[in-house]
Peer 1: 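Submitted below is the structure of interest, expressed as structure tokens.
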Amino acid sequence: MPTLEPRNQSHHSKESRVLIQDVIPYEVAESLETLQGPAEGVLKLLHHFYWGPEADCGLGQLEGVYKAYQAILREGTRVDQEQLLNASLLVKVWGELMLPVRVRDLWENKFPQLAQHS
């Protein structure tokens, strides 16, 4: 009867692994002041960073802000971020956004004031 070997004792445990989450090239805005996006109304998410249904996000509801900001922070370019994110709104919702650890770390390291809102 075969036996199962614990994962940490296999021959793979000594190999260095690179995870996709560790190499995705996330972008970060130059400064919070460059984030000049709308703070109200409807934001239409662009196909190159959002592939889901319903690309329109109402910024008057937190769910719409979360959906838009999470997509833009994860997949948007610096230009997307500067055109679509609003600095005041970003600071307000920062602690509630579901983001990859690396995205959160990159932004909080560049903008320590965001870490205060986590």
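These numbers come from a predicted model, not from an experiment.
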Peer 1: Sorted by first residue and then second, give each salt bridge (charged side-chain N to carboxylate O under 4.0 Å, His left out) pair with at least one member in residues 66-76; sequence neighbours left out.
Peer 2: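 Found none.
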Peer 1: How long is the span from the OG atom in Ser31 to the CZ atom in Phe111, to the nearest 0.5 Å?
Peer 2: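 With rounding to 0.5 Å, OG (Ser31) is 6.0 Å from CZ (Phe111).
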Peer 1: Which residues pass the side-chain hydrogen bond (donor to acceptor under 3.5 Å, both in side chains) test with Gln70, not counting sequence neighbours?
Peer 2: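 None.
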Peer 1: Measuring from Leu35:CG to Leu89:CG, what's the distance to the nearest 0.5 Å?
Peer 2: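 Going from the CG atom of Leu35 to the CG atom of Leu89 covers 10.5 Å.
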Peer 1: Could you tell me if the side chain of Leu90 sits less than 4.5 Å from the side chain of Trp107, heavy atoms only?
Peer 2: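 Yes, their side chains come closer than 4.5 Å.
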Peer 1: Could I get the full list of side-chain hydrogen bond (donor to acceptor under 3.5 Å, both in side chains) partners for Asn86, not counting sequence neighbours?
Peer 2: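 Asn86: no side-chain hydrogen bond (donor to acceptor under 3.5 Å, both in side chains) contacts found.
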Peer 1: With no hydrogens and no angle check, is any side-chain donor or acceptor of Gln36 less than 3.5 Å from a backbone partner on Gln83?
Peer 2: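 Here the side-chain-to-backbone pair does not exist.
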Peer 1: Can you name the closest pair of heavy atoms from Gly64 and Cys57 and give their distance?
Peer 2: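 Between these two residues, the closest heavy atoms are O-CB, 3.4 Å.
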Peer 1: Give me the atom names and distance for the closest heavy-atom approach of Pro38 to Leu84.
Peer 2: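 Heavy atoms only, the tightest pair is CD-O, 3.8 Å.
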Peer 1: Verify, without hydrogens or angle tests, whether Asp105 (side chain) and Arg102 (backbone) share a donor-acceptor contact under 3.5 angstrom.
Peer 2: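 Looks like no, no N/O pair under 3.5 Å.
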Peer 1: With sequence neighbours left out, what residues match Tyr50 under ring-ring contact (aromatic ring centres under 6.0 Å, His included)?
Peer 2: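 Per chain and number, Tyr50 pairs via ring-ring contact (aromatic ring centres under 6.0 Å, His included) with no residue.
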Peer 1: Give, for atom CG of Leu85 and atom CG of Leu73, the distance between the pair rounded to the nearest 0.5 Å.
Peer 2: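 So the CG of Leu85 and the CG of Leu73 are separated by 5.0 Å.
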Peer 1: Scan for salt bridge (charged side-chain N to carboxylate O under 4.0 Å, His left out) pairs involving residues 35-62, sequence neighbours excluded, and state none if there are none.
Peer 2: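 Matches after skipping sequence neighbours: Lys44-Asp56.
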Peer 1: Do Gln113 and Leu32 come close enough that some side-chain heavy atom pair is under 4.5 Å?
Peer 2: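 Gln113 reaches Leu32 side chain to side chain.
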Peer 1: Ignoring hydrogens and angles, tell me if any N or O in the side chain of Arg104 forms a donor-acceptor pair with the backbone of Trp94 under 3.5 Å.
Peer 2: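 Side chain of Arg104 to backbone of Trp94: a pair is present.
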Peer 1: May I ask whether Phe49 and Val42 are part of the same hydrophobic cluster, defined by side-chain heavy atoms of I, L, V, M, F, W, Y residues being less than 4.5 angstrom apart, directly or through others?
Peer 2: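 No: no chain of side-chain contacts under 4.5 Å links Phe49 to Val42.
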Peer 1: Main chain of Val28, side chain of Arg78: is a donor-acceptor contact present, judged purely on distance under 3.5 Å?
Peer 2: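 Between the backbone of Val28 and the side chain of Arg78 there is a qualifying donor-acceptor contact (under 3.5 Å).
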Peer 1: Return the set of residues passing side-chain hydrogen bond (donor to acceptor under 3.5 Å, both in side chains) with His47 (not counting sequence neighbours), or none when no residue passes.
Peer 2: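 For His47 there are no side-chain hydrogen bond (donor to acceptor under 3.5 Å, both in side chains) partners, ignoring immediate neighbours.
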Peer 1: Indicate, with yes or no, if Tyr69 and Met98 share a hydrophobic cluster defined by side-chain heavy-atom contacts under 4.5 Å among Ile, Leu, Val, Met, Phe, Trp and Tyr.
Peer 2: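 No, it is not one cluster - the side chains of Met98 and Tyr69 are not joined through contacts under 4.5 Å.
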Peer 1: Has Lys110 got more than 12 heavy atoms of other residues, nucleotides or ligands less than 6.0 Å from its NZ?
Peer 2: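 Yes, enclosed.
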Peer 1: From Glu82 CD over to Thr34 OG1, what is the distance, rounded to the nearest 0.5 angstrom?
Peer 2: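 It comes to 3.5 Å.
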